[in-house]
Number of protein chains: 2
Amino acid sequence: MFDFDKLDKLIHEKSRLAIMTLLAARSEWRFQDLKSETGMSDGNLVTHLRTLFKAGYVSITKEMEKRPQTKYALTESGRTAFENYLEILEQIVNSSKKPETD
Amino acid sequence: MFDFDKLDKLIHEKSRLAIMTLLAARSEWRFQDLKSETGMSDGNLVTHLRTLFKAGYVSITKEMEKRPQTKYALTESGRTAFENYLEILEQIVNSSKKPETD
DNA sequence: TCACTTTACTTTGTATCGCAAAGTTAGTGC
DNA sequence: GCACTAACTTTGCGATACAAAGTAAAGTGA
């Protein structure tokens, strides 16, 4: 069996999994783009981003071009955590596709 | 992007994911074996199993050989739900391994 | 027979968390 | 100054995971 406890709880949550997947696919995201892509409310999104930020998984860059703009990106540690998470997912997927004979 | 909303909330939860993975790998499980394998408390385990049962994902069979024994198994619908769930996981894993250039 | 154990379940209480809605702050353009 | 927007913060609700303790029913051992 896998160590399901190793499934990073911070990532293993639909909303944050969506965010992490987005962040992993592109180097940088503006708040508004994340918002429209995920369809989350401001408060909800910002809370999840802060959670990921506190964990060190996401970096926050504030800029002031025309309007205030905040950009979010994966940190190294975030990418590592995400990759580890994906590895466990992969194991689950693979093993369940080829069930062991008992 | 994937439809993360399609990630079956009943399955996408560490404890129940563990249970579903076990149930998918073997045709039948006794309560005690699930308990020792997952390390969960009675109350917690039975609650998760009942949740899955209510969703129609798990069947419960009560027997009386020596001690009372309850056996749990995946239903057809449970297996389907699990496979659908795995499919989304797989998409996430695959896409994140080969990130699209933006 | 009676105490004890085991299985499987219920109840209770706590702590956490997702989420929406509404309010807040600060900058921009007119 | 006023409307508008970005990006928060606050508040409150509802759901839920989980542990711990209690319960019921059946078997076992003395």
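Proteins get letters first, then strands, A, B, ... in listed order; numbering begins at 1 in each.
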task = Could you state the atom-to-atom distance from CG of Leu49(A) to P of dA7(D) in whole Å?
result = 11 Å
remark   = Whole-Å distance, Leu10(A) CG to dG18(C) C1', equals 14 Å
query = How about Met40(A) and Leu34(A): do any of their side-chain heavy atoms sit closer than 4.5 Å?
reply = no
ask   = Tell me, which pairs form a ring-ring contact (aromatic ring centres under 6.0 Å, His included) where one or both residues lie in residues 42-87 of chain B, sequence neighbours left out?
value = His12(B)-Tyr85(B)
message = Just the rounded figure in Å: distance from P of dT25(C) to NZ of Lys62(A).
response = 15 Å
query = Residues in salt bridge (charged side-chain N to carboxylate O under 4.0 Å, His left out) with Asp5(A), at least two apart?
reply = none
query = Can you name the nearest heavy-atom pair linking Leu74(A) to Ala24(A), along with the distance?
reply = CD1-CA, 3.8 Å
task = Taking only the side-chain nitrogens and oxygens of Tyr72(A), find out if one of them lies under 4.0 Å from OP1 or OP2 of dA7(D).
result = no
query = dA26(D) P sits how many Å from Glu63(B) CD, rounded?
reply = 16 Å
ask   = Could you state the CG-P distance from Leu45(A) to dT10(D), rounded to the nearest angstrom?
value = 17 Å
inquiry  = Rounded to whole Å, how long is the line connecting atom CG of Leu52(A) with atom P of dG18(C)?
reply    = 10 Å
Whole angstrom value for the distance that separates P of dC9(C) from CG of Leu34(B) = 11 Å
Write down the protein N/O and nucleotide N/O pairs, taken from nucleotides 14-18 of chain D, whose separation is under 3.5 Å; answer none if there are no such pairs.
from, atom 1, to, atom 2, distance (Å)
dA17(D), OP1, Arg16(B), NH1, 3.2
dA17(D), OP1, Arg16(B), NH2, 2.9
dA17(D), OP2, Arg16(B), NH1, 3.3
dC18(D), OP1, Ser15(B), OG, 3.4
dC18(D), OP2, Ser15(B), OG, 2.7
dC18(D), OP2, Asn44(B), ND2, 3.4
dC18(D), OP2, His48(B), NE2, 2.9
dC18(D), O5', Asn44(B), ND2, 3.3

request  = Could you state the atom-to-atom distance from NZ of Lys71(B) to P of dA8(C) in whole Å?
outcome  = 10 Å
remark   = The complete set of salt bridge (Lys or Arg N to Asp or Glu O under 4.0 Å) pairs with one or both residues in residues 85-96 of chain B, sequence neighbours excluded, reads Lys97(A)-Glu90(B)
N/O-N/O pairs, protein side and nucleotides 5-7 of chain C side, under 3.5 Å:
from, atom 1, to, atom 2, distance (Å)
dT7(C), O3', Pro68(B), O, 2.7

query = Can you check whether Leu7(A) reaches Leu17(B) side chain to side chain, under 4.5 Å on heavy atoms?
reply = yes
request  = For residues 8-23 of chain B, pull every pair meeting salt bridge (Lys or Arg N to Asp or Glu O under 4.0 Å), keeping only residues two or more places apart or in separate chains.
outcome  = none
